[in-house]
Every structure is written in structure tokens, then in C-alpha cells.
*Asks:* 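Questions regarding the structure given below will be posed in turn.
None of the values given here were measured: they were computed from a predicted structure. In listed order, ligands and their atoms are each counted from 1.
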Amino acid sequence: MKIALVPEPVEAAFPEGRLEIGASLSGACADDAFTREAAFLAERLRAATGFAVPVQKSGGDGATIVIERDDAGAPESYGLEVGADGAVLRAGSRAGIFRGIQTLLQLFPPAIHSRSARTGIVWGVPFARISDRPRFAWRGAMLDASRHFAPVAFVKRFLDTMAMHKLNVFHWHLTDDQGWRIEIKKYPRLTEIGARRRETMVGHYDAGQGGDGIPHSGHYTQDEIRDIVAYAAERHIEIVPEIDMPGHMTAAVAAYPELGCTGRQIEVATKWGIFDDILQPNESVIRFCCDVLSEVIGLFPSRFVHLGGDEAVKTQWKNSPAIQAMIRDAGVADEEEMQGYFMGRINAFLRENGRQMVGWDEIIEGGAPDGSVIMSWRGVSGAVAAVKAGHEAVMAPQKATYLDNYQSPHHENEPLAIGGAVTLRNSYEFDPVPRALDEEDVRRTFGHDAKPPVQPGPVELSEKEKSLILGVQGQLWREYLPQSTDVEYMAFPRLCALAEIGWSSAAKDYPRFLERLEVHLKRLDVMGVRYRALD
Ligand code: ACM
């Protein structure tokens, strides 16, 4: 079997030779800090090979796999050496050991990714000398749990596939117009009312085929969330929850109409799209948001909380004399700045609680709140403007990372999707540190601004500005992905490509990536992941 690591390590050499692994397999982990990772590896090896893997506490002598501390490296970095005497994995952190374990597993035959014992396989790994570290600290995947609910078991399975790709940020889109999916004790109607929609539109939005008449519901209890957060932490994945505001709040307004601008009783949205119903930016709504976020930050230890901020239609703010008065009272110029004021108030609450706000790139328009991270989705212009203004940014542009878009321009051969075309190659060849901005990119982000903060043309970023680009993330919006298998079809293999550009500083070579991917897909086969076949 060819050696095919995804993502590709920064430095790897494979001397001639192979370490055979048999039933006498044993491990050693002298450092107490790494015992959970050692147990994780032992369990994975046991599950697939059927060999019990005793892990000694100290004395690597005679052990097949040794886990050791080496404080030299950067966060998440690791070294792995495999020779005739065994394999030695070294890192300065638990996360580094965990990333190295994923590499070690990929050196085995693909069947090592099985969760039940496989027979008739000669287990072994090639001799190797690997020194590896991530290019970016944020290597993310976003899952939309609102448009279609993802059961706990699927979320865990998705976290497993993230872990094998060294992805480390799970951005969980928990609320939107079509469903509120997180239990909030103080506001039970958010899930009693907001987690259920009457029906779901059939087919593509543009086709106007009506609804299916079938209710769709689901939410995560706080206990389930704690369980998932712990599961992710075992895999060194941070979960960034998203509570989208002030738009994309139809489900919350359906539950508590007083949050909205009209006072009307509306229903949880049954169609896709962008809606006029929006939170009103008054003190009691700000208090509501902070109360919700208090519970959210009690559940999620991540430094980051995503507040959305995208596609907030201001018609109701324009039409409401009461909100016009609030705009005057807040001393801001218009509705856009009012969104900036509103997000700023919530941001202040997060900061008081030691957290950092993330928002979609619209939050630049009303003045990005202090310390906020910009998630650049309409293009990369939002990120460039953000880092030039001293903000951190995450690259999530539609053209390369929107995994809900078609995977090929030949839509007729693909299951129904929202539109677009983001090919595997588009994802792989995306550079998270842009060298130029094209007109289309700037227009999509800042087209309506009288004075856009960036212009088309070459981009010069200082080392400091480059360091503010935290990383890259793939988006799995689920309007057109009702089943978990649909999510896997859209996620893979494009997420393999995004994992590689997020992790690896090795030179990019698409044909060689495809060669590695052919082997890598056998691992996904073993795991039963329903990926899209290569063209
Ligand atoms: C988005 O796609 N509305 C962030």
C-alpha cells in the first residue's frame, strides 16, 4: 500500500523497511499528561486489529509504540519515528500527541480505521521520520444544525472524521430561521416552539414547489451538549457555538414575539432564504441575548462565540418609529451602524466574560466590535479589510469553502444543491493568505459601500497582518442536505482538501494530492463515510 498521508506532513522521510505489528503489540507512555491519548490509540488499535494493547506507564524497553514528551515544538506539533525497534511519538502537548496518533494510524493499512476487528490483514507500518506542525491554528468545519437537525450520533461521527484530518474547530450553527436547536433553561419556548417547523419546502427554492407537510424538529439538551463538548475535547477539537443575531432569528421570534419588531405571532420558517423578521435592538432584547449567551458560555469552554451578524435585513428597523428613536438615542447614523451598536453591546458582554466574538463579514459594515474575529464568507475581501484594521479573521469564502455548493459544474449528475460550483480543485488550490483581490470578490462584499475599505488589485500584508489570519474553514449549510449521508457526500473529499491547506505548509501539488486521496478514500470507505467519488 502506498504511503498517503492527508493532510501531508511538513517534513517526512520514509527509509526502506517496515515495522510488523503482531499480537504482542504493546505501548509505553511515561508522561501522565498523555495517558488519555495513549488509551485512545490503544483502543483504536485494539478495535481494528483485535490485539489487546497493554500500555506500560514507563520504560519504553520492548514496547512497540512509545509516547514521550518533547517540549521543543510549536502548539500541536509532533515528531514520529518508526524503525525496526518500534515507533516513537513525541510532542509537547496532548494535542500534538493526538495529531501524531492520526498520522501513525494513517501509516497502517486503511482497515485500521475499522471499529470492529478485521482478520486476514498483515498489520504493519513503514519506517518513517516525520516532523510536523500546523500552518494555521484554526482548521474548521461548520455544521448547520438548524436547517436540518443532526442527531448526537452523527455529530460524534462527524467529529471523528474531523479528527482524522487534524481539523480542530467545529463551528456549530445552532440557531436560525428554520429551527432553534439548543436548550436554554431560562427560555424554554425557544425549543418548545422554536425547535419545530410545520413543514419543509420541497425541491429548490427557485422551483416554488410548496411544502412537504411533514414537521421537522430536534434540539440538543444541555446534557447532550456537554457530552458532545467532552467528546470533541478528547479529540482536541474546540466547539465554537453560533447563535446568529440580529437576523436569522425567526425561530426565536416565533417562540417569543416580543423579541421581534412587529409584535406579530409568526411561525418557524418553513422555506429557505433571508427573512425580514429581525430582533429589535432594545434593552430587553439585549438582555435576552446576554441571558442566552450566559447559558451558552456555561456549556462551551471555547474562547470564541459566534454571533452570526449576517444577512440582517433592516426593513423592519427602517419602518419602525420606535427603532428610529433607538437609533437616535444610541447616537448612530443609520440602521447599519445600529447593528454595529447592537453587536458591540453583546460583544462587551462576551468580553466581560472572557470570550471573543466571531461574526460573518457583514459585521464590518456597522463597525466591527473591538476584538471581534471576522469570518470572511462573501469572498476574501472581508478578511483582508479585517486584518488591515487589526482584527483576526478566518477564511470561509463561498468560492472555495462552501461545501453546500455543487461539486461540479455538471449539476445534472449531482444531487440537488443550493447552487454554485466549488470543485475539489477549487478547495485545494485556495490560498488562505491572499495575494490579490479580484473585482468580483470586492463587489460581493463591499459593493454597496460608498467607500470600500479595500480595492481590487494586489494585496500586500505585513507579517503581523498575515498572523491575524487564523485559518480556514469549510461550511456545511443544510438547506438541501436533509440526511446525514448528504452531509458526508458534500463534505468529502472537499474537506480533505481544506484540511490539507489548513494544516500543511508543504508545497501544493494537485495531481499528487489526488494520488494520496485515492488511498485516503479507502480509509473513509472503511469508516462507511458516504463521500463523493473522484471524477
Ligand atoms: C452566510 O452564508 N449567510 C454566512
Side-chain angles (χ1 to χ4, degrees), residues 138 140-148 169-181 204-206 240-252 269 271-279 304-314 336 339 343 357-366 368-369 372-383 385-386 391-406 417-422 426-427 430 440-441 443-448 470-481 487 490-491 494-495 498:
W138 185 306
M142 187 219 70
L143 185 67
D144 168 9
S146 171
R147 274 55 176 263
H148 285 96
V169 178
F170 177 55
H171 168 180
W172 205 359
H173 185 80
L174 286 164
T175 65
D176 214 304
D177 301 304
Q178 296 83 2
W180 183 284
R181 306 282 176 225
H204 197 274
Y205 180 87
D206 294 338
V240 175
E242 181 181 354
I243 309 293
D244 201 341
M245 60 183 75
H248 287 292
M249 269 281 179
T250 304
K271 298 187 174 61
W272 315 131
I274 300 171
F275 297 83
D276 280 353
D277 282 292
I278 178 171
L279 299 181
F304 301 104
V305 177
H306 203 306
L307 298 184
D310 57 319
E311 299 174 326
V313 181
K314 309 295 187 322
E336 289 313 322
Q339 180 173 344
M343 304 304 280
M357 165 186 168
V358 185
W360 298 106
D361 57 37
E362 284 93 333
I363 66 168
I364 299 175
E365 289 162 29
S372 55
V373 179
I374 310 304
M375 192 165 267
S376 195
W377 73 278
R378 291 175 292 185
V380 297
S381 301
H391 287 274
E392 291 169 312
V394 175
M395 289 294 184
Q398 182 268 326
K399 64 182 179 186
T401 73
Y402 264 45
L403 306 181
D404 61 334
N405 280 214
Y406 285 108
I418 192 164
V422 174
N426 294 147
S427 294
F430 172 63
E440 157 80 3
D441 195 295
R443 191 187 51 71
R444 279 177 61 112
T445 309
F446 293 114
H448 41 277
L470 298 181
V472 60
Q473 176 174 292
Q475 285 35 260
L476 288 154
W477 299 108
R478 288 195 62 181
E479 286 93 333
Y480 298 97
L481 312 182
V487 175
M490 297 305 261
R494 290 180 294 187
L495 202 48
L498 294 177

*Asks:* Taking atom NZ as the centre, does Lys314 end up with more than 12 heavy-atom neighbours from other residues, nucleotides or ligands that are less than 6.0 angstrom away?
*Replies:* yes

*Asks:* If you compare all heavy atoms of Leu403 against all heavy atoms of Met490, which two are closest, and at what distance to 0.1 Å?
*Replies:* O-CB, 3.1 Å

*Asks:* Would you please indicate if the ring centroids of Trp360 and His173 are separated by under 6.0 Å?
*Replies:* no

*Asks:* Where does ligand 1 get N/O contacts under 3.5 Å from the protein, atom by atom?
*Replies:*
unit_1: ligand 1; atom_1: 2 (O); unit_2: Tyr402; atom_2: OH; d: 2.6
unit_1: ligand 1; atom_1: 3 (N); unit_2: Asp310; atom_2: OD2; d: 2.7
unit_1: ligand 1; atom_1: 3 (N); unit_2: Glu311; atom_2: OE1; d: 3.1

*Asks:* Quickly, which of Ile374, Val373, Val358 forms a side chain to side chain contact (heavy atoms under 4.5 Å, CB included) with Glu392? Name it, please.
*Replies:* Val373

*Asks:* Using every non-hydrogen atom in the two residues, find where Trp272 and Phe275 come nearest and quote the distance to one decimal.
*Replies:* O-CZ, 3.9 Å

*Asks:* Go through it in stages, so that I can follow the logic: the residues are Glu365 and Arg378, the test is salt bridge (Lys or Arg N to Asp or Glu O under 4.0 Å), and I'd like the CA-CA distance, side-chain angles, deciding distance and then a yes or no.
*Replies:* CA-CA 13 Å; Glu365 289 162 29; Arg378 291 175 292 185; 2.7 Å; yes

